[in-house]
Trainee: 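Dropping a structure here in C-alpha cells format, bear with me for questions.
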Amino acid sequence: MSLTSALSTAQSSLSNYATQTSVISRNISNASNPDYVRRDAVLTNSTIGAQGVSIQRAQDMALFVRSITDTSTSSAQETLLTGLSNLKNILGGNDYETSPAVLIATMRDTLATYAAKPGEATLAQMAIADAVTVANGLQDASKSVQSVRYEADKAIGEQVQTLNELLARFETTNNKVYSGTQTGKDVSADLDERDSLIKQISSIIGVTQVTRSGNDMALYTSDGVTLFETVARPVEFETSSGFSASLVGKQVFIDGVPLAAGQGANTTGRGSLQSLIQIRDDYAPSMQDHLDEIARGLVVAFAESDQTASALPDQTGLFTWSGGPAVPVGATIIPGIASSIKVNPALIQSLGGDPKLLRDGGINGAAYSSNPSGASGFSTLLDAHVLALDEPVAFDVAAGISTSASILGFAAESIGWLELNRSDAESAAEAREASRFRSVEAFSNITSVSLDEEMSILLELEQSYKASARLITAVDEMLQALLAVAR
C-alpha cells in the first residue's frame with residue numbers, strides 16, 4: 001500500500017468515525033425522548049470497495065402496528081371505565097348509599113314503623129321526610145346522569161378538534177417524508193414525528209396505516225373509513241348545549257361516515273372517541289331509563305283510588321310529577337319523570353299540608369279518603385303502601401333489566417347492572433393495559449436508546465479513531481523522512 005492510499009484510507013476512516021460519533025451523540029441526547037427511534041451508523045462498502053456510513057433507523061413494523069392497536073383498545077377501555085365509575089359515583093360510590101334502592105328501603109322501614117303506630121304524628125312526618133329524600137335523590141341522580149352525558153359530549157367535541165389538528169399535522173409531516181425520500185434526504189426525524197402522530201391519533205380512534213411507494217402513507221379507521229389519503233379527511237361534530245332524558249346526542253362524522261359507538265363492557269370501541277359516544281348514548285341513557293322506571297313505579301304504587309261508587313280516575317298520592325295528578329298508565333318508560341318527581345305538597349307540613357293524609361288518604365279530596373273518620377289506629381292504607389314496594393309490578397322491557405319485579409327489586413337490580421358492567425370494564429381495562437404495556441415495551445426494546453450500549457460503541461470508536469490517528473502520524477513521519485532524504 002502506498003503512503004498516499006494509506007493516508008486516504010485513514011482520512012476516510014476518520015470521516016466515518018466522525019459520522020458514527022455524531023449519530024451516537026444524537027442517540028444519547030434523545031435517550032429520554034419516547035418518540036425518538038434509535039439510529040445506527042452502519043459501515044458499508046461501495047462497488048469500488050470504498051467504505052462509507054449508512055444511517056439506518058431502528059424499526060419493527062409488526063411491533064409498531066401491535067403497539068398502536070393496543071394503545072387504541074386500552075384507551076377505549078379506560079375511557080369507558082372512567083365513564084362507568086362516574087355513573088357509580090352518582091349513586092354514592094362503593095356502598096351506593098345514595099342510590100334509589102337504599103333510599104326507598106329506608107322509606108319502607110319508616111312506613112312500616114308508622115303502620116305499627118299510626119297514631120304517632122312524629123312518625124308521619126318522618127315518613128314524609130324520607131319520601132322527600134327519595135324524590136330528591138331521584139331528581140339529583142337524573143340531573144347528574146344528564147351531566148355525565150353533557151361532559152361526554154363536550155369531551156367528544158374536544159377530541160374531534162384534537163383529531164383534526166393531528167391529521168393536519170400528519171399531512172404536513174407525511175409530505176416532508178415523501179418529498180425527502182424522493183430527493184434522498186435523511187427523513188429519520190420526520191419519520192419519528194409521523195410515528196408520534198400515529199400514536200396520538202390511535203389513542204383517540206383506532207387506526208390502520210398503509211405504507212405506499214416513496215414512504216407515502218394512508219390512514220384508515222378500524223372500520224375502514226379513510227382518515228388520511230393524500231389529504232386529511234374532515235372529522236365533523238356539533239356539540240349540544242345541554243341534555244335531557246329525551247334528547248339524543250349528535251353523531252360524529254368521519255369523511256361523511258357516522259362513527260359507531262363501542263359495544264359492551266369489554267368494549268368493541270377503538271380509541272377514546274367511541275367509548276365517549278358509548279357512555280353518552282348507551283350507558284348513561286340506560287341508567288336514566290332505570291331512574292325513570294323507578295320514579296314511575298313509585299307514582300303508581302302510591303296513587304290514590306276512588307273510595308266511592310263514582311268511578312273517579314286514579315290520582316297521584318304520596319308522589320306526583322310534572323304530568324300529575326294523572327297517574328302513568330302501562331309499563332312504558334316516561335322519559336324524564338325522575339327529574340320531576342316530588343312529594344305531593346298536600347302532605348308537607350311546612351307547605352301547609354297534612355302528613356296524616358298518608359295514613360288516611362284523601363289527598364285528592366274526600367272521595368279518595370280511606371279513613372274518613374280520622375281514626376288514629378287506622379293502618380290499612382299504610383300497610384298497603386309497605387306491601388306495594390315489595391309486590392311485583394311490570395317494567396318496560398326497553399329498560400334492559402327485569403320486566404316484572406318489585407320496585408325495591410328493580411332498584412337493586414339497577415345497581416347490580418351498573419356494578420356488573422363497571423366490574424367487567426375494570427377487568428378488561430387491566431388486561432388491555434397490560435397488553436399495551438408489553439407491546440410498547442417490546443417495541444421500545446428495539447427502537448429506544450440504551451445508554452450503556454451507546455457508550456460501549458463510543459469507546460470502541462474512540463479506540464478505532466486513535467488507531468487511524470496513529471496511522472496518519474506514521475504516514476506523516478514517513479513523508480517527513482522522505483522529504484529529508486530528498487533534500
Side-chain angles (χ1 to χ4, degrees), residues 83-84 86-93 96-107 128-154 239-250 279-303 315-348 351 363 389 393 395-396 398-401 407-408 410-415 417-418:
L84 289 172
N86 289 338
L87 291 176
K88 178 178 179 178
N89 290 336
I90 291 173
L91 303 182
Y96 291 97
E97 60 269 17
T98 60
S99 67
V102 172
L103 300 181
I104 293 171
T106 300
M107 180 184 71
I128 299 302
D130 284 349
V132 169
T133 300
V134 169
N136 289 343
L138 285 167
Q139 288 185 27
D140 292 344
S142 180
K143 180 180 178 181
S144 296
V145 166
Q146 298 310 317
S147 178
V148 167
R149 295 185 70 202
Y150 173 72
E151 291 300 325
D153 188 80
K154 186 167 67 172
T239 57
S240 300
S241 58
F243 277 89
S244 66
S246 57
L247 183 64
V248 178
K250 296 179 175 64
I279 287 293
R280 186 196 67 179
D281 296 346
D282 183 3
Y283 279 110
S286 291
M287 186 168 170
Q288 180 66 56
D289 288 343
H290 298 172
L291 295 172
D292 286 337
E293 279 293 81
I294 292 169
R296 182 185 64 82
L298 287 171
V299 172
V300 172
F302 287 90
Q315 302 283 300
T316 57
L318 173 60
F319 294 103
T320 188
W321 60 298
S322 59
V327 178
V329 178
T332 304
I333 295 171
I334 299 177
I337 187 174
S339 65
S340 66
I341 190 173
K342 63 180 180 179
V343 171
N344 201 311
L347 295 163
I348 301 177
L351 298 178
I363 295 171
L389 293 174
V393 295
F395 291 99
D396 196 332
I401 48 180
I407 295 173
L408 271 170
F410 186 89
E413 196 168 334
S414 175
I415 291 177
W417 166 87
L418 178 58

Trainee: Measure the spacing between OG of Ser286 and CD1 of Ile279 and express it to the nearest 0.5 Å.
Mentor: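 Spacing of OG (Ser286) from CD1 (Ile279) equals 10.0 Å.
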Trainee: Write down the atom of Ile337, the atom of Pro328, and the distance for their closest heavy-atom approach.
Mentor: CD1-CG, 4.2 Å
Trainee: When rounded to the nearest 0.5 angstrom, what distance separates CH2 in Trp417 from OH in Tyr283?
Mentor: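 Trp417 CH2 to Tyr283 OH: 7.0 Å, rounded to 0.5 Å.
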Trainee: Please find the pair of heavy atoms, one from Ser339 and one from Ser142, that lie closest to each other, and give the distance.
Mentor: CB-OG, 3.6 Å
Trainee: Do Val329 and Val300 come close enough that some side-chain heavy atom pair is under 4.5 Å?
Mentor: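 The answer is no; the side chains never approach within 4.5 Å.
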Trainee: Please check: side-chain N/O of Arg280 versus main-chain N/O of Arg149, any donor-acceptor pairing under 3.5 Å?
Mentor: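 Checking the backbone N and O of Arg149 against the side chain of Arg280, no donor-acceptor pair under 3.5 Å is found.
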Trainee: Measure from the side-chain N and O atoms of Gln139 to the backbone N and O of Ile341, and report whether any donor-acceptor pair falls under 3.5 Å.
Mentor: yes
Trainee: So, for Ala346 and Ile363, which heavy atoms are closest and what is the spacing to 0.1 Å?
Mentor: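 Looks like CB-CG2, 3.8 Å.
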Trainee: Check whether Asp292 reaches the backbone of Ile333 with its side chain - one donor and one acceptor, N or O, closer than 3.5 Å.
Mentor: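 Looks like no, no N/O pair under 3.5 Å.
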Trainee: Considering non-hydrogen atoms only, spot the tightest contact between Gly92 and Glu97 and give its length.
Mentor: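 Where Gly92 meets Glu97 most closely, the heavy atoms are O-OE2, 2.7 Å.
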Trainee: With a 4.5 Å heavy-atom cut-off, do Glu151 and Asn86 have their side chains touching?
Mentor: no
Trainee: Name the orientation class of the two ring planes belonging to Phe319 and Phe302 (parallel below 30°, tilted from 30 to 60°, perpendicular beyond 60°).
Mentor: perpendicular
Trainee: Within the 4.5 Å heavy-atom criterion, are Arg296 and Glu293 side-chain neighbours or not?
Mentor: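 In contact.
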Trainee: Looking at side-chain heavy atoms only, is the closest gap between Leu103 and Val134 below 4.5 Å?
Mentor: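 The answer is yes; the side chains approach within 4.5 Å.
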Trainee: Got a second to check how far Glu413's CD is from Phe395's CZ, nearest 0.5 Å?
Mentor: 9.5 Å
Trainee: Please round to the nearest 0.5 Å and tell me the distance separating atom CG of Leu298 and atom OG1 of Thr320.
Mentor: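 Reported value, rounded in 0.5 Å steps: 12.5 Å.
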Trainee: Between Ile294 and Ile104, is any pair of side-chain heavy atoms under 4.5 Å apart?
Mentor: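 The answer is yes; the side chains approach within 4.5 Å.
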Trainee: Atom CG of Asn344 and atom OG1 of Thr316: how far apart are they, to the nearest 0.5 Å?
Mentor: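 If we round to the nearest 0.5 Å, Asn344:CG and Thr316:OG1 are 5.5 Å apart.
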Trainee: Counting heavy atoms not belonging to Lys88, are there more than 12 under 6.0 Å from its NZ?
Mentor: yes
Trainee: Flag the pair Pro100 / Leu91 as yes when at least one side-chain heavy-atom distance between them is below 4.5 Å, and no otherwise.
Mentor: yes
Trainee: Which pair of heavy atoms, one from Gly336 and one from Ala245, lies closest together, and at what distance?
Mentor: N-CB, 3.4 Å
Trainee: Decide yes or no for Ile90 and Met287: does some side-chain heavy atom of the first lie under 4.5 Å from some side-chain heavy atom of the second?
Mentor: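 Side chain of Ile90 against side chain of Met287, heavy atoms only: contact under 4.5 Å found.
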Trainee: To the nearest 0.5 Å, what is the distance between CE on Met107 and CG on Leu318?
Mentor: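 If I round to the nearest 0.5 Å, the distance is 6.5 Å.
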Trainee: What residues form a salt bridge (Lys or Arg N to Asp or Glu O under 4.0 Å) with Lys143, not counting sequence neighbours?
Mentor: none
Trainee: Would you say Asp153's side chain and Thr239's backbone share a donor-acceptor pair under 3.5 angstrom?
Mentor: no
Trainee: Identify which one of Leu291, Ile401, Asp289 satisfies the side-chain contact (heavy atoms from CB on, under 4.5 Å) criterion when paired with Ser414.
Mentor: Ile401
Trainee: Check whether Trp321 reaches the backbone of Ala326 with its side chain - one donor and one acceptor, N or O, closer than 3.5 Å.
Mentor: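 Here the side-chain-to-backbone pair exists.
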Trainee: Keeping the roles fixed (side chain from His290, backbone from Ala399), state whether a donor-acceptor pair exists under 3.5 Å.
Mentor: yes
